[in-house]
Colleague: 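Below are the structure tokens for one structure; questions will follow.
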Amino acid sequence: MIAVSGVTKAYQDGAVRRQVLRGVDLVVARGETAAIVGPSGSGKSTLLNILGALDTPDAGSVRVDGVDLTASRPSALAGFRNRSLGFVFQFHQLLPDFTALENVMMPGRIAGRPTSSLSAQALALLDQVGLADRAGAFPQQLSGGERQRIAICRALVLEPAVLLADEPTGNLDSRSGEQVLELLDTLRRRRDTTMVLVTHNPEVAKRCGAVLRLDGGSLAPG
Amino acid sequence: MGFVWHIAVRYFRSTRADAHIRALSTLTAGGLAVGTAALVLALAALAGFQNLLLEDLARHTPALQIEFGRGAAVEGAAATEGARDLAELAAATNGVAGVQELLYARGWLADDDRPLAVEVLGYEKAPPPWIPVQPEATPRLIVPVSVALRMGLAVGDMVRVVSPRPGLTPVGPRPRARMLPVDLIYRSDRAEDTDDPVLLPLEQASALFARGDRRLDLTLAPDADPEEIGDFLRRGIDPAVATVTTWRQANRALLFVLRLEKGLVFSAVALIVAVASFALLAALSMVLSSKRAEVGVLAAMGAPPARLRRVFLLLGALLSVGGAGLGGAAGAGLAALLDRYRVISTPSDVYVVDYVPFLVRGTDVLVVLAVTVLFTAAAAVIGARKASLLHPVEAMRSART
Ligand SMILES: Nc1ncnc2c1ncn2[C@@H]1O[C@H](COP(=O)(O)OP(=O)(O)OP(=O)(O)O)[C@@H](O)[C@H]1O
Ligand SMILES: [Mg+2]
């Protein structure tokens with residue numbers, strides 16, 4: 001589960017101090033999915049980075065899957081991210097030197113999983129989003145929507161306890177978007193995964209257990 | 001293949017894709033190849049020359065020598081007696097294979113009325129190894145070419161050997177002298193041959209030059225350590241009477257110069273390797289800055305900083321090992337060829353050989369490789385450090401703008 005309280009975050013832009021989060025409280029129970037909506041620049045990605053132990057808040061406490069992120073050492077956090085978290089980045093962030101399949105396998109390689117079972121798992125995921133035949137392609141040979149789906153497979157390959165996805169269906173047509181949402185549903189049913197999705201798509205938000213709106217630096221039911 | 005290899009090998013392949021990184025990685029490999037080849041070649045040439053020089057030195061200098069104090073109070077029979085005692089002591093020492101007594105003095109050779117000042121060397125048993133005598137022959141007077149030419153001497157000519165110390169006769173002091181036939185004329189391989197001595201058997205020399213400087217030359221068993229035996233002898237010999245000098249001590253200045261020469265040449269040529277290592281650092285930095293966002297993603301997915309650093313260390317190794325290995329092998333091979341076919345010649349009147357000899361020593365090659373590894377590892381460590389210091393969010397942001 002995810003429990004956040006009183007999180008603040010400001011960025012220093014030269015002489016200007018931009019307060020992005022002004023006391024965010026959030027609880028997502030285990031196996032639940034929360035959607036976060038809000039205008040561009042409101043701090044959705046910033047909040048997701050804090051939940052993912054990629055960034056530290058200025059104040060407040062963050063507990064994810066039983067770990068107090070603000071009290072842990074960076075080296076411990078790296079292991080935690082690999083073990084327990086799945087990320088879908090807003091700008092999919094595939095590794096251009098590796099094929100689609102290798103990209104999907106990458107979190108498992110970091111974890112030191114045996115490659116044979118890992119690649120079978122990765123291929124099965126690619127198949128579920130209709131990309132099995134693109135497994136050997138490099139990112140620059142793929143369309144934006146295809147890259148997006150591969151990034152989602154990569155986040156799911158280790159079946160994480162917590163999934164953080166920044167606009168996972170942003171670039172997708174309704175059919176592909178539907179495939180992705182079904183994939184997330186499957187994972188949640190199997191692993192009881194806790195999910196936080198940032199989305200601009202009302203259809204997607206409707207399917208989540210809770211919809212929260214980030215505006216003016218804090219969360220409110222949307 | 002683990003994660004670190006997986007990433008490093010792929011990044012190594014990607015260095016071909018970017019023109020700047022390709023140029024830098026080529027410069028790294030090429031520079032390391034040229035540097036290690038030049039180092040191995042330079043050391044082989046030095047070792048070749050120095051080896052000849054040391055062999056020559058070993059032929060002219062005994063492993064150990066015992067010199068009696070200059071102007072020692074003892075002379076004549078007493079000196080001979082003292083020398084005998086020490087010779088016996090030395091001969092009885094473990095590891096000493098042979099002892100030869102020698103006597104150095106200045107005297108004259110006189111042929112009719114033309115005396116010529118010469119160095120005289122009295123030897124016991126057989127002449128020193130650098131005199132080319134037949135094994136069975138027992139020559140009496142051996143004259144260097146320089147002296148024979150000046151005096152017009154030929155083998156078989158009778159010549160008078162004159163001592164500076166007069167002998168007392170009933171009719172007053174008269175020069176001590178002895179008439180001897182020239183049995184052999186020799187040519188030393190030294191460039192400065194004006195000091196080459198006239199050689200006499202020891203009894204004759206002792207009789208004429210009682211005040212000459214006496215010396216014992218020791219030959220050692222093949223596995224004996226000159227320093228150890230030298231220390232042992234020193235303990236048994238009064239330093240006021242005689243001093244013990246090892247081969248190394250006797251040639252200390254020369255050996256120092258040889259080492260200095262080697263060090264200077266090595267440092268100068270090693271600069272090529274240093275420059276190539278800077279190219280490696282630049283190449284690694286460029287790879288890292290072009291992969292910033294991706295390294296950030298790997299960190300975000302939980303790759304620990306230490307492993308990301310190792311990716312770039314390994315990448316540094318991959319970028320340098322080919323060039324360095326190839327260069328080292330090429331240098332050694334080229335040195336062997338140059339030596340075998342005597343490709344580079346020198347004027348034969350300058351040195352004992354008329355070509356530049358090359359000697360590839362295993363230890364030299366190891367030192368070259370060690371220095372190369374040291375330089376490149378330093379560059380790789382500095383370059384890789386940045387990979388472990390990346391902030392994942394900042395790094396990923398950098399790709400978008
Ligand atoms: N490293 C940074 N330095 C300075 N300002 C930053 C930094 N990161 C984010 N910001 C600012 O913080 C604010 C929130 O950014 P964030 O990316 O969280 O917005 P967002 O809600 O995800 O927007 P979008 O919907 O466009 O993705 C923005 O105004 C952005 O300019
Ligand atoms: Mg965002």
Side-chain angles (χ1 to χ4, degrees), chain A residues 9 11 45-56 73-99 102-116 118-119 138-140 151 154-158 160 164 166, chain B residues 1-18 21-22 25 284 286-312 314-315 318-319 385-401:
Chain A
K9 180 78 180 177
Y11 288 110
S45 298
T46 302
L47 176 60
L48 225 51
N49 287 338
I50 290 173
L51 294 179
L54 293 175
D55 213 344
T56 46
R73 293 152 46 83
S75 54
L77 289 179
F80 169 73
R81 286 199 297 268
N82 184 240
R83 257 192 328 276
S84 309
L85 298 186
F87 286 100
V88 180
F89 302 106
Q90 185 170 6
F91 305 88
H92 48 75
Q93 304 279 14
L94 295 182
L95 305 168
D97 298 303
F98 299 85
T99 64
E102 288 167 334
N103 265 283
V104 175
M105 289 166 68
M106 196 56 78
R109 301 210 61 143
I110 293 173
R113 294 282 176 85
T115 41
S116 51
L118 191 60
S119 80
F138 285 89
Q140 66 267 30
R154 183 174 68 180
L156 300 184
V157 73
L158 290 183
L164 306 168
D166 209 341
Chain B
M1 197 166 60
F3 168 78
V4 171
W5 274 92
H6 185 51
I7 308 286
V9 167
R10 211 52 73 84
Y11 281 6
F12 177 61
R13 270 191 240 159
S14 80
T15 56
R16 306 286 136 74
D18 178 289
I21 296 176
R22 192 173 56 222
S25 56
L284 282 177
M286 278 195 75
V287 172
L288 180 57
S289 72
S290 78
K291 304 278 182 212
R292 244 176 90 81
E294 296 148 49
V295 176
V297 172
L298 291 173
M301 291 190 300
R307 269 212 269 172
L308 294 173
R309 190 171 55 227
R310 261 183 278 147
V311 166
F312 281 82
L314 181 57
L315 178 61
L318 291 174
L319 285 170
R385 215 176 84 88
K386 284 187 236 150
S388 64
L389 297 177
L390 278 188
H391 189 286
V393 176
E394 300 295 323
M396 285 191 283
R397 284 177 73 84
S398 68
R400 278 177 260 149
T401 47

Colleague: Compare every heavy atom of A:R109 with every heavy atom of B:F3, then report the nearest pair and how far apart it is.
Modeller: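 Shortest heavy-atom separation between B:F3 and A:R109 comes out as CB-O, 3.7 Å.
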
Colleague: Can you sort out the partners of B:F12 under ring pair (Phe, Tyr, Trp, His ring centres under 6.0 Å), two or more places apart, ordered by chain and number?
Modeller: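 None.
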
Colleague: Are the side chains of B:M396 and A:F91 in contact, using a 4.5 Å heavy-atom criterion?
Modeller: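 No, too far: nothing below the 4.5 Å cut-off.
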
Colleague: Might you point out which heavy atoms bring A:L54 and B:H391 nearest each other, and give the distance in Å?
Modeller: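 Scanning both residues completely, I find the closest heavy atoms to be O-CE1, 3.3 Å.
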
Colleague: Mind running side chain to side chain contact (heavy atoms under 4.5 Å, CB included) on B:R307 and A:I110 for me, showing each step along the way?
Modeller: CA-CA 9 Å; B:R307 269 212 269 172; A:I110 293 173; 4.1 Å; yes

Colleague: Would you mind listing every salt bridge (Lys or Arg N to Asp or Glu O under 4.0 Å) that reaches into residues 88-97 of chain A, with sequence neighbours excluded?
Modeller: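 Sorted result for residues 88-97 of chain A: A:D97-B:K291.
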
Colleague: Which residues in residues 295-302 of chain B have any heavy atom lying under 4.5 Å from a heavy atom of chain A?
Modeller: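 Residues in range: B:V297, B:L298, B:A299, B:A300, B:M301, B:G302.
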
Colleague: Compare every heavy atom of A:A78 with every heavy atom of B:P304, then report the nearest pair and how far apart it is.
Modeller: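 Heavy-atom minimum between the residues: CA-CB, 4.2 Å.
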
Colleague: Could you measure the distance from the CD atom of B:E294 to the CE atom of A:M106? Nearest 0.5 Å is fine.
Modeller: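 The distance works out to 10.0 Å.
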
Colleague: Given that the side chain runs from C-beta out, which part of B:R13 has a heavy atom under 4.5 Å from chain A: side chain, backbone, both or neither?
Modeller: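 No part of it gets close to chain A.
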
Colleague: For the candidates A:G52, A:P96, A:P74, which exhibits the highest count of non-hydrogen atom pairs separated by less than 4.5 Å from chain B?
Modeller: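 Top count of heavy-atom pairs under 4.5 Å with chain B: A:P96.
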
Colleague: Under 4.5 Å from any heavy atom of chain B, what part of A:F80 do you find: side chain, backbone, both or neither?
Modeller: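 When you check distances to chain B, no heavy atom of A:F80 falls under 4.5 Å.
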
Colleague: At a heavy-atom separation under 4.5 Å, does A:R83 approach chain B through its side chain, its backbone, both, or neither?
Modeller: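 Neither part.
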
Colleague: Once salt bridge (Lys or Arg N to Asp or Glu O under 4.0 Å) is applied, do any residues pair with B:K386, and if so which ones, sequence neighbours excluded?
Modeller: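 Scan of B:K386 (salt bridge (Lys or Arg N to Asp or Glu O under 4.0 Å), adjacent residues dropped) gives none.
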
